[in-house]
Amino acid sequence: MRWSQTLIPTLRETPQDAEIASHTWMLRAGLIRKLAAGLYTFLPVGLRALRNVEQIIRQEMDRAGALEVLMPALQPREIWETSGRLQTMRQVMFKVRDRQDRELVLGPTHEEVITELVAREIHSHRQLPRTFYQIQTKFRDEIRPRFGLMRAREFIMKDAYSFDPDEESLEQSYRAMYDAYTRIFDRCGLRVKIVEADTGAMGGNSSHEFMAIADAGEDGLVECDACSYAANLERAERARRPATVSSPGSSPTLVATPGARTIEEVSAFLHLPPSRLIKTLVYLADGKPVAALVAGDRDLNEVKFARALGCTELGMADPETIRHVSGAPVGFTGPVGLSIPLYADHGLEGASEMAVGANQPDGHLIHVALPRDAKPVGWFDLANARTGDPCPRCPKGTLREMRGIEVGHVFKLGVKYSEAFQAIFLDAHGRKNTIRMGCYGIGVTRTLQAIIEQCHDEEGILWPASVAPFHVALLPLAPDAKTLQIATHLENALQKAGLESLLDDRDERPGVKFKDADLLGCPVRIVIGERGLAAGKVEIRRRNSRESQMVPIEEAAARVEAFLS
RNA sequence: CGGGGCGUAGCGCAGACUGGUAGCGCGUUUGGUUCGGGACCAAAAGGUCAAGGGUUCAAAUCCCUUCGCCCCGACCA
């Protein structure tokens with residue numbers, strides 16, 4: 001490919017909307033351009049990299065025995081009624097109407113479509129197991145599109161769906177996808193952690209997320225330093241450790257804390273660290289007020305709280321309700337004397353000498369000991385896990401927090417969709433059975449951005465060879481015919497070796513070509529300049545290590561191959 | 001949807017408080033010189049200052065409304 005024949009609009013400055021490195025580089029290297037919030041055009045170079053990621057995914061899916069299909073993005077609303085997700089996913093669904101005023105949905109995912117298909121076409125155990133996949137555009141009306149391709153409203157996803165006759169077979173299909181995902185992200189050059197995850201709106205019983213480790217990631221996760229435990233923060237447990245019981249000490253005493261509402265304010269006012277305060281958070285669980293108690297330096301995890309309560313709807317209580325149940329404005333609620341059910345984090349078991357809201361305006365209680373002065377209905381793991389917490393799975397391990405980008409997610413769905421769509425088969429004995437399902441997603445466009453988030457430096461992108469839009473950047477420094485002729489010769493030699501190159505044939509000064517080549521980030525750069533040409537040599541340089549060497553022109557292609565293997 | 005910020009040339013920004021000529025850098029076009037880390041000289045093009053309304057002799061600037069974009073929270077690949 002010749003630079004002068006394509007469109008690579010590199011930018012010298014960071015565009016205003018770019019907030020994180022990968023977004024900045026995608027824009028500056030001319031890979032994508034924004035049309036509107038969460039909607040992006042892939043330019044030629046960006047598309048090449050995207051296709052490379054897709055190809056890796058396709059190869060590994062095929063290798064795992066999955067069958068490629070292509071389903072419509074436009075879907076009738078009826079199938080969403082059948083699954084019951086018209087309601088549960090309504091916030092993210094784009095809807096359109098046809099000329100007869102029928103409502104259609106732009107597919108945010110394809111469980112409904114594939115299950116409807118399978119219910120029609122698969123009737124026998126002889127047709128099972130099967131796994132289908134597609135690489136296709138999804139539409140989600142995200143509450144907040146963010147960071148370029150990281151969270152877009154229209155994006156490309158690889159989604160796969162497995163259909164098995166029983167749990168054991170599902171386990172195998174799940175494992176096959178899990179292993180394929182591991183290989184895919186490895187081939188893409190991504191460092192990922194596999195974590196236990198919450199199943200969310202997808203439903204089903206168990207799931208794992210593939211997290212590309214990055215500080216800019218939207219998800220928190222924890223990992224044990226001793227065993228293999230790793231989990232999304234939404235779900236991460238922490239071991240319950242017996243409290244170091246100190247004697248309860250003096251009885252609760254009221255102190256005036258005018259205007260001190262937040263943990264920080266109370267902490268500063270009473271000269272106590274936040275860990276010595278107890279947060280009392282009033283929630284409405286299926287309409288009934290309840291309170292969660294966690295240490296002042298901890299965050300309540302609502303997913304865990306909902307699980308402890310066994311409720312279906314959970315939300316923070318409004319100020320009116322809080323005033324009603326506690327007799328004080330927001331900021332002065334405490335467990336002592338509170339008449340609603342108290343759910344306490346197990347880290348507070350046996351805690352004494354704590355400070356809590358006094359349930360009256362501008363007052364807090366000190367010298368509070370928990371089981372003595374307020375009796376929770378039980379002790380639960382309610383707070384988010386964090387660095388330093390004990391591992392829930394092994395005796396010695398300590399958890400460590402990190403951030404990640406969710407690039408893949410695998411679910412064991414069970415029969416949620418197959419029951420709704422009557423996906424039933426006859427087993428070897430002629431008995432009717434419901435098909436077991438699994439579903440497996442990779443955010444393809446997100447993966448591409450995650451790669452850049454992990455592989456860049458202060459000059460630009462550092463593509464792994466497997467996904468690089470070009471293997472080699474060819475830079476003829478002088479615009480004369482002879483230099484260009486050698487560059488063309490090298491282009492052909494590389495092509496014969498199966499390597500793709502970008503020949504920068506623009507009439508630009510060397511500095512501009514160097515800067516743009518660094519921005520683009522092809523793994524290898526060949527410079528054809530006067531310095532080497534005098535000795536019949538060109539310079540070969542690796543983008544990531546910046547090592548370079550002069551090699552004879554005729555050996556260049558072979559040397560590049562060696563670099564890339 | 002709640003909170004915060006921003007819309008001025010293709011990109012990055014100044015001008016706004018204190019109303020009166022639309023400006024800077026980069027990029028673009030043409031000509032010339034230059035050619036191993038974002039060159040230099042000369043000339044040129046490019047703007048209904050997001051949109052609509054109001055105040056005023058006069059609005060990019062003050063007021064109101066709307067729209068768009070970005071960031072922080074609840075959702076997800």
Side-chain angles (χ1 to χ4, degrees), chain A residues 9-20 23 27-28 30 33-39 57 88-93 108-110 135-160 181 185 197-202 207 209-212 217-219 232 234 299 302-303 314-316 404-411 439-450 459-460 475-480 483 506-519 525 527-533 538-539 541 546 548 550:
Chain A
T10 56
L11 267 23
R12 293 191 181 210
E13 288 170 291
T14 300
Q16 204 191 316
D17 342 343
E19 202 68 25
I20 64 172
H23 189 196
L27 291 167
R28 286 197 53 191
R33 284 294 182 264
K34 182 173 74 183
L35 173 66
L39 303 175
I57 292 171
T88 55
M89 290 192 75
R90 68 179 182 281
Q91 314 96 309
V92 298
M93 284 204 285
T109 175
H110 281 70
I135 295 174
Q136 186 256 13
T137 302
K138 299 284 184 276
F139 299 86
R140 293 189 189 174
D141 192 0
E142 289 289 345
I143 300 162
R144 182 147 90 90
R146 247 207 290 215
F147 302 148
L149 303 180
M150 203 74 102
R151 176 179 298 279
R153 293 194 291 176
E154 177 178 333
F155 62 98
I156 296 174
M157 174 158 137
K158 187 288 300 175
D159 45 324
Y181 275 35
F185 296 122
D198 199 68
T199 50
M202 211 54 78
S207 80
E209 286 170 334
F210 290 70
M211 294 285 193
E218 294 186 280
D219 292 274
N232 191 306
E234 287 173 354
D299 294 321
E302 292 188 5
V303 177
L314 181 69
M316 287 194 82
I405 300 163
E406 184 189 347
V407 287
H409 200 159
V410 294
F411 300 81
C439 74
Y440 316 91
I442 291 178
V444 183
T445 38
R446 182 184 281 179
T447 296
L448 183 69
Q449 186 163 342
E459 297 295 328
L475 308 197
L477 290 191
D480 61 277
T483 310
R506 293 175 300 171
D507 184 14
E508 288 288 355
R509 292 172 57 86
V512 174
K513 294 189 180 186
F514 287 140
K515 286 288 184 188
D516 276 346
D518 286 346
L519 252 182
R525 184 184 85 184
V527 173
I528 305 108
E530 235 171 77
R531 274 185 200 171
L533 250 33
V538 291
E539 183 207 43
R541 190 170 103 137
R546 303 191 182 186
S548 70
M550 303 300 292

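Letters A, B, ... mirror the listed sequences (proteins, then strands); counts begin at 1.
For Asp516(A), counting side-chain heavy atoms from C-beta on, the closest listed nucleotide (rC71(B), rG38(B), rC75(B)) is rG38(B). Of all nucleotides listed (rG27(B), rA77(B), rG37(B)), rA77(B) comes nearest to the side chain of Arg140(A). When distances run from any side-chain atom of Glu19(A) to the nucleotides rC70(B), rA74(B), rG12(B), the shortest one goes to rC70(B). Nearest nucleotide to the side chain of Phe411(A), out of rA77(B), rG37(B), rG36(B): rA77(B). Of all nucleotides listed (rA77(B), rG36(B), rA74(B)), rG36(B) comes nearest to the side chain of Leu477(A).
Nucleotides rG38(B) and rC26(B), compared at atom P, are 14 Å apart to the nearest Å. Rounded to a whole angstrom, the distance from the C1' atom of rG27(B) to that of rU66(B) is 33 Å. Remark: the separation of the P atoms in rG52(B) and rC67(B) is 15 Å, to the nearest Å. Comparing the C1' positions of rC62(B) and rA16(B) gives an interatomic distance of 10 Å, to the nearest angstrom. Comparing rG37(B) with rA22(B), their P atoms are spaced 43 Å from each other, to the whole Å. Using P as the reference atom, rG46(B) and rG54(B) are 31 Å apart when rounded to the nearest Å. Atom C1' of rU61(B) sits at a distance of 10 Å from the matching atom of rC49(B), rounded to the whole Å. Across the P atoms, rA14(B) and rC6(B) are found 10 Å apart, a figure rounded to whole Å.
Contacts of Ala36(A) with the nucleic acid, taken as non-hydrogen atoms under 4.0 Å apart, involve only primed sugar atoms and P, OP1 or OP2. Residue Tyr440(A) is out of contact with every strand shown, counting any heavy-atom pair closer than 4.0 Å. Residue Lys34(A) is classed as a sugar-phosphate contact, given heavy-atom separations below 4.0 Å to backbone atoms only. Contact annotation for Thr14(A): backbone-only contact, meaning every heavy-atom pair under 4.0 Å involves sugar-phosphate atoms and none involves a base. Within 4.0 Å (heavy atoms only), Ala152(A) reaches at least one base atom of the nucleic acid. Counting non-hydrogen atoms under 4.0 angstrom, Pro479(A) reaches a base of the nucleic acid. The residue Gly443(A) sits close to a base: some heavy atom pair falls under 4.0 Å. Base contact: Arg541(A) has a heavy atom under 4.0 Å from a base atom. Counting any heavy atom pair closer than 4.0 Å across all strands shown, Gly441(A) reaches sugar-phosphate atoms only and no base atom. Residue-level contact check: Arg90(A) touches neither bases nor backbone, having no heavy atom under 4.0 Å from any strand. Residue-level contact check: Glu302(A) touches neither bases nor backbone, having no heavy atom under 4.0 Å from any strand. Contacts of Asp159(A) with the nucleic acid, taken as non-hydrogen atoms under 4.0 Å apart, are absent. Nucleic acid contact for Val444(A): none, since no nucleic acid atom lies under 4.0 Å from a heavy atom of the residue.
Partner assigned to rU28(B) is rA44(B), using Watson-Crick or G-U wobble distances below 3.5 angstrom. Nucleotide rG20(B) is matched to rC57(B) when pairs are restricted to Watson-Crick or G-U wobble geometry with both distances under 3.5 angstrom. Across all strands shown, rA77(B) remains unpaired; no Watson-Crick or G-U wobble contact has both distances below 3.5 Å. With a cut-off of 3.5 Å on both Watson-Crick or G-U wobble distances, the partner of rA50(B) is given as rU66(B). When Watson-Crick and G-U wobble pairs are counted only if both distances are under 3.5 Å, rG2(B) pairs with rC72(B). Across all strands shown, rU34(B) remains unpaired; no Watson-Crick or G-U wobble contact has both distances below 3.5 Å.
Within the 4.5 Å cutoff, no side-chain heavy atoms of Phe139(A) are placed close to those of Met93(A). Between Met157(A) and Arg446(A) there is no side-chain heavy-atom pair separated by less than 4.5 Å. With a 4.5 Å cut-off on side-chain heavy atoms, Ile20(A) and Gln449(A) count as touching.
No N or O donor and acceptor, one from the side chain of Arg146(A) and one from the base of rC76(B), sit under 3.5 Å apart. You'll find a donor-acceptor pair under 3.5 Å spanning the side chain of Glu13(A) and the base of rG25(B), going by distance alone. Below the 3.5 angstrom threshold, one finds a donor paired with an acceptor across the side chain of Arg525(A) and the base of rG37(B). For rG38(B), its base never sits under 3.5 Å from the side chain of Glu508(A) at any donor and acceptor pair.
When the nearest nucleotides of RNA chain B are assigned to Arg151(A) and Ala478(A) by heavy-atom distance, the more 5′-ward of the two goes with Ala478(A). Ranked by how close their nearest RNA chain B nucleotide is to the 5' end, Val407(A) and Pro145(A) are led by Pro145(A).
Arg33(A) places a side-chain N or O within donor-acceptor distance of the main-chain N or O of Leu27(A), the cut-off being under 3.5 Å. Counting only distance, with no hydrogens or angles, the side chain of Arg28(A) and the backbone of Leu11(A) share a donor-acceptor pair below 3.5 Å. Listed for the Thr447(A) side chain is a donor-acceptor partner under 3.5 Å among the backbone atoms of Gly443(A). In this structure, Tyr181(A) contributes its side chain and Gly441(A) its backbone to a donor-acceptor pair below 3.5 Å. With Lys513(A) contributing its side chain and Arg506(A) its backbone, the two residues share a donor-acceptor pair below 3.5 Å.
Here rC72(B) presents its C1' atom at 17 Å from CG of Asp17(A), a figure rounded to the nearest Å. To the nearest angstrom, P of rC70(B) lies 9 Å from CZ of Arg144(A). Put simply, CD on Glu234(A) is 14 Å from P on rG73(B), counting in whole angstrom units. Atom P of nucleotide rA74(B) and atom CE of Met316(A) are separated by 12 Å, given to the nearest angstrom. Rounded to whole Å, atom P of rA74(B) lies 10 Å from atom CG of Asp299(A). One can place CZ of Phe155(A) at 8 Å from C1' of rC76(B), the figure rounded to the nearest angstrom. rC35(B) atom C1' lies 9 Å from atom CD of Glu530(A), rounded to whole Å. If you measure from atom CG of Asp507(A) to atom C1' of rG32(B), you get 13 Å, rounded to the nearest angstrom.
The phosphate of rG37(B) (OP1 or OP2) has no side-chain N or O of Arg509(A) nearer than 4.0 angstrom. Put simply, Gln16(A) has a side-chain N or O that comes within less than 4.0 Å of OP1 or OP2 on rC13(B).
Within a 6.0 Å sphere centred on CD of Gln91(A), other residues, nucleotides and ligands contribute more than 12 heavy atoms.
Salt bridge absent: Arg531(A) and Glu539(A) never bring a charged side-chain N and a carboxylate O closer than 4.0 Å.
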